[in-house]
Amino acid sequence: MIRSAALAATLALASFTAVPAALAQSGTVTVVTSFSKDVTDPIKAAFEKATPGVVLDVQNRNTNAGVKYLDETRSNPQADLFWASAPDAFEVLKSKNLLQKFTPTAEGIPDKIGAYPINDPDGYYFGFAASGYGIMWNTRYVDANELPSPKEWGDLATAPYYDHVAMASPSRSGTTHLTIETILQGEGWDKGWRTIKEMAGNFQTITDRSFGVPEAVNSGQVGYGIVIDFFAFSAQGSGFPVKFVYPTVTTVVPANIGIVADAPNAENAKTFINFLLSPAGQEVLLEPSIRRLPVNPAVYAKAPEGYPNPFTDPRFKAMTMFDVAKSGQRSAVVDTLFDQMISFQLDDLKAATKAIHEVDAKLAAKDNAQARALIEDARALIAAVPVTEEEASSEAVRAAFSGGKQKGARQAEIEQQWATFARDNYAKARAKVAEAAKLAN
Amino acid sequence: MSLALTEAPARRWRLSGTPGQIALALGLAAFLLAFLLVPVGSVIYVAFTEKGTGAFTLINFADFFRTDLFMRSFWNSFYVSAMTVVLASIFALPLAYITTRFEFRGALIIQTLGFVPLIMPPFVGAVAMQLLFGRNGSVNLLLNEYLGFRIPFMEGLNGVIFVQAIHYFPFILINLSAALRNIDRSMEEAAQNLGSSGMRMFRRIVLPLAMPGYVAGASLVFVKVFDDLATPLLLNVKDMLAPQAYLRVTSIGITDPMGYVIAVVLIIVSVAAMWASALALKGRDYATTQRGGGGLAKRRMRPWEKVVAYSVVALILLLVLAPHIGLLLLSFATIWSYSPLPDGFTLDHYGRVFGESSTYIKNTLIYASIAGGIDVVVGTAIAYLVLRTKLVGRQWLDWAATAALAVPGVVLGIGYLRTFFDIRLPDGTPLATMWIILVIALAIRRLPYALRACYAALQQISVSLEEAAENLGATKPRTVRRIVVPLMMGGILAGFVTSFATAAVELSATLMLVQSNADAPLAYGLYVFMQSAAGRGPGAALGVIAVVLVAACTLLSQYIIDRNQKNTGAAR
């Protein structure tokens, strides 16, 4: 017993002396990123080779945690760069004065990719790679269950896809938030929500991490996933049996990097951004484990066969113009609506959707105008949104979510209202469908 | 010999505290205040402020009870926790009983394997479980192909119960085994002499005497499941309290008090559950005076008993170790997608993590062992003050330490950044960026585990042993050092092992506090790998390394307990 206590004490003592050394020497640059090791390792290796003496120290945090971390540590910043996909997060950082201005030296990078500006017009953050949104699927799963291949968002709303689709929650994943905004901006507020809810009625699950979706598709737990393109491309690069398609209503947005305000190693941070935007840095993005679209058009000459090129491919030119300002204004409202109407009521939404699919199948065999009208009513009830587009961006509603100084409606109250609205509508819709089912027999 | 189940006689000498006890209590209070109450308070005070004015209000709590989602989450959490305790007890009871009571070949190995489920590394554990038990996992693919149906192991609340029971049943197993080992052999012999045997003796003598251990374990499982967010989140179950708190606290741009309101509710429920478990044991004395006999007499099994025992143990082990079997397969797999087994096997993933894992391993061992060390020292001290002194407010130390169980890791992480970031070291670096802060966060998060184990161990030791020592002239500190701590050693080691093993795979607080790769533990490395398709295999390989490592340490401490008990037994 005494010996074991001594052993524990020795172990503890030994560990005190073997403390990992704190990194304090110059010649480092610290980056806070949401990117996985598969993205950061090759870039780190290439950068350290190109710039001997400077070590790239990677701190991996998800986007939200990274933003919170920079905010909490602003009095004495320890990180130099913020590096992530979602432009929204950079807007938040910029509005909180957590980034500093810089003008990169890289040449040959155009102003726009698709319809989207590559860099922040005020010079606080810079696009280094582009990504579009779309649908990936597992070919083994689809073959085994004899399911179709989708082309458009609307396809996912049809009966064969019931219980086979996954998406991340937009309140948890910046990139998924952009997908939802893209649909809302591309199809309009009301029609967009209808598309989103009809798709969501077929969801098997809504994950809380962006990578949860490709993981579920890769392993075959779910058939289809709504994802950002490189998740599918890098899975293909790793050998998984998956395919990917860009629907017509999509957008291509840059993944960004920016220098933290009062960064301790600002000079090295600038060196890193310049490297990342140089041809050498851009080429690393083509690696099979990364597979992002470079923002330097010249680099595509070295891309493998079949690699999408947003600068020459006409599909990208036709993509939806994405309005960042509009998205930024209402982002909390859109996310909360999604969670209250869909994430937390998924079982009810699925039950109503399933019932509609069943009646539809009967009506296809033997039509009944009255039943069809009831089904349309039910669809309208499901699609209804408790706030209009104007209200969603209105000061009154936004204030409830911003934690602003003014008194007004509390977030919890509004959430409860929206949830009740959705729940009641789903119940009414199911009653209509039940009526229609009787008629359709 | 003291009677087992009578009122504990009042002891006058307990009435006042010695200066040493008071100093100890103040020291512990300062520790908890600095590293738990202040940091957490700095974050959750939002729950009590009014929007706009910042004035004190309880309106947010009213909102909590008015919101359907939160009430539904509350009852779901309650249901899942209670059912997990039931299922976990079904796993734990036979393992603990058979291995401590009978001569059972490989009991040591089996008890060690019983700890391994606790070391389910975040993310990879869930991925492996999905690959085996998910809708299109190995089991369901085979069932569907040959029998035409699937079993929803991993879906909805029942899925959470299934995974949680597999993950946390060792809490019951460890505490119950320690309690069974501590039961005086003479109790059993007395019962046998009086004509009792078999199930009756187990029900009337053994089980009641082991009750503190069982209740300690069961209440831990209840509270842990109530507060756990990783499992529900990974199974995409959102309508439970802990995930709701987490989802709110970690979303951008939402300065919403509800996340913190839920955190406060979680803390209150945890403390209430612990209080209820203490109440259930109150007024009874579980202590026995004779020591060192090595616990229950081990019986040789009859042949049919052997068959039953071995099959039950094998079945339970196969089930609870399934995630690790899945993890092992995944770490050697090339591509594993919609098929019962991987397409092929490779050693590449281990090759890839080999170079980097040494830093992670070193850091994990250092952090988890210091955290476990802090925990057992603080845990023993609190248990001693609560059970052996009459100091005013000693119960508050227990409640405060227990509340740590309910503090979401993210809240603790943010609280530490807020509290310690502006304290600068001489060279200008913030205190919060020191690795030791990370260790203290781990220690605080795991303190309740060690505390419960130490508490249960001390409950089983009769005060008369201490009184005897003091009558013979020993001072109080000497009594504690020479009598109490050695007798508690089994429980203390159980506490150390639980703290160590779970701290080694902790992620949520870690993710907020890790400052650089050089200071990062294994769980963080796993997290970084598990963000990409190509990283799944290496992540699993790192997960296997973590499991083997922590299991080896566990085995070592088991071995030490066993040898010590043999030594003391022989010396008697």
Side-chain angles (χ1 to χ4, degrees), chain A residues 1 4 8 11-12 15 18-23 36-38 57-61 64-65 67-69 72-73 75-76 78 89 92 138 140-141 144 171 205-208 211 214-215 218-221 234-235 238-241 289 332 343-344 401 403 405-407 410-413 415-416 419, chain B residues 51-53 63 66-69 127 130-131 134-136 233 236 238-239 247 250-256 258 334-338 362-363 365-366 369-370 373 414 417-418 421-422 427 429-430 433 435 486 489 496 511-512 514-519 527-529 531-535 560 564:
Chain A
M1 241 168 278
S4 65
L11 204 64
S15 43
V19 171
L23 284 170
S36 71
K37 261 183 119 55
D38 286 315
D57 192 39
V58 178
Q59 288 186 19
N60 201 295
R61 292 192 165 86
N64 292 348
V67 170
K68 267 230 154 78
Y69 173 78
E72 295 289 342
T73 59
S75 61
N76 183 9
Q78 301 293 301
V92 171
N138 184 314
R140 286 187 198 170
Y141 183 107
S171 60
T205 186
I206 295 173
T207 70
D208 295 303
F211 190 66
E215 189 178 272
N218 287 339
S219 67
Q221 297 306 314
S234 63
S238 310
F240 285 96
S289 69
S343 304
F344 301 143
F401 295 93
K405 292 282 172 272
Q406 66 283 57
K407 285 185 79 168
R410 295 185 306 281
Q411 184 179 344
E413 282 177 299
E415 285 179 354
Q416 171 67 8
Chain B
K51 180 174 160 53
T53 64
D63 277 338
R66 279 198 292 250
T67 304
D68 298 343
L69 176 64
V127 172
Q130 286 286 3
L131 285 166
R135 181 181 295 204
N136 294 311
L233 279 184
N236 297 313
K238 296 175 192 68
D239 40 6
L247 293 179
T250 55
S251 293
I252 299 188
I254 298 181
T255 42
D256 171 26
M258 294 317 287
T334 49
I335 294 292
W336 190 359
S337 173
Y338 203 81
K362 192 183 81 192
N363 290 339
L365 282 183
I366 293 170
S369 53
I370 300 179
I414 294 174
L417 283 179
R418 284 197 187 162
F421 198 77
D422 283 327
D427 66 342
T429 53
T433 61
W435 63 274
M489 209 34 130
F496 179 81
L511 214 47
M512 259 297 155
V514 166
Q515 298 295 319
S516 77
N517 237 326
D519 285 353
Y527 169 79
V528 178
F529 271 116
Q531 303 289 323
S532 68
I560 294 168
N564 277 328

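Proteins come first, then strands; the chains are lettered A, B, ... in the order of their sequence lines, and each starts at number 1.
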#### Entry: Distance, nearest 0.5 Å, that separates CD of B:Gln130 from CD of A:Glu215
8.5 Å

### Query
Any idea which heavy atoms bring B:Asn136 and A:Gln221 closest together, and the distance?
N-OE1, 3.2 Å

### Task
For residues A:Glu415 and B:Thr67, determine if any side-chain heavy atom of one lies less than 4.5 Å from a side-chain heavy atom of the other.
no

#### Entry: Closest non-hydrogen atom pair, B:Tyr338 against A:Ala144
CE2-CB, 3.4 Å

### Query
Got B:Lys238 and A:Ile206 here, is their nearest side-chain heavy-atom distance under 4.5 Å?
yes

### Query
Mind checking what makes salt bridge (Lys or Arg N to Asp or Glu O under 4.0 Å) contact with B:Arg135, not counting sequence neighbours?
A:Asp163, B:Glu155

### Task
Measure across A:Glu72 and B:Leu417 and return the closest heavy-atom pair with its distance rounded to 0.1 Å.
CB-CD1, 4.1 Å

### Query
Can you check whether A:Gln78 reaches B:Phe421 side chain to side chain, under 4.5 Å on heavy atoms?
yes

### Task
Apply salt bridge (Lys or Arg N to Asp or Glu O under 4.0 Å) to A:Asp208 and list each qualifying residue two or more places apart in sequence or on a separate chain.
none

### Task
Measure B:Asp239 against the heavy atoms of chain A and call it side chain, backbone, both or neither at under 4.5 Å.
neither

### Query
Is it the side chain or the backbone of A:Ala235 that comes within 4.5 Å of chain B heavy atoms, both, or neither?
both

### Message
Is A:Pro241 in contact with chain B via its backbone, its side chain, both, or neither, using a 4.5 Å heavy-atom distance?
### Response
side chain

#### Entry: Pick from B:Val127, B:Asp68, B:Leu233, B:Leu131 with the largest number of heavy-atom pairs that fall under 4.5 Å of chain A
B:Asp68

### Summary
If one checks every heavy atom of A:Asn60 against chain B at 4.5 Å, the contacting part turns out to be both

### Task
Give, for atom CZ of A:Arg410 and atom CG of B:Asp63, the distance between the pair rounded to the nearest 0.5 Å.
4.0 Å

### Summary
So CG of B:Leu247 and CZ of A:Phe344: to nearest 0.5 Å the spacing works out to 6.0 Å

### Summary
Minimal heavy-atom distance between A:Asn218 and B:Ser337, with the atoms involved, is O-OG, 2.6 Å

### Message
Is it the case that the side chains of A:Thr205 and B:Asn236 hold a donor-acceptor pair, with the cut-off being a distance below 3.5 Å and no angle test?
### Response
yes

### Query
Which pair of heavy atoms, one from B:Pro430 and one from A:Asn76, lies closest together, and at what distance?
CG-ND2, 3.4 Å

### Query
With chain B, which of A:Gly239, A:Ser343, A:Ser289 has the greatest number of heavy-atom pairs at distances under 4.5 Å?
A:Gly239

### Task
May I ask you to name which of B:Met258, B:Gln531, B:Arg66 has the most heavy-atom pairs under 4.5 Å with chain A?
B:Gln531

### Donor-acceptor pair, side chain of A:Asp38 and main chain of B:Ser532, under 3.5 angstrom
no

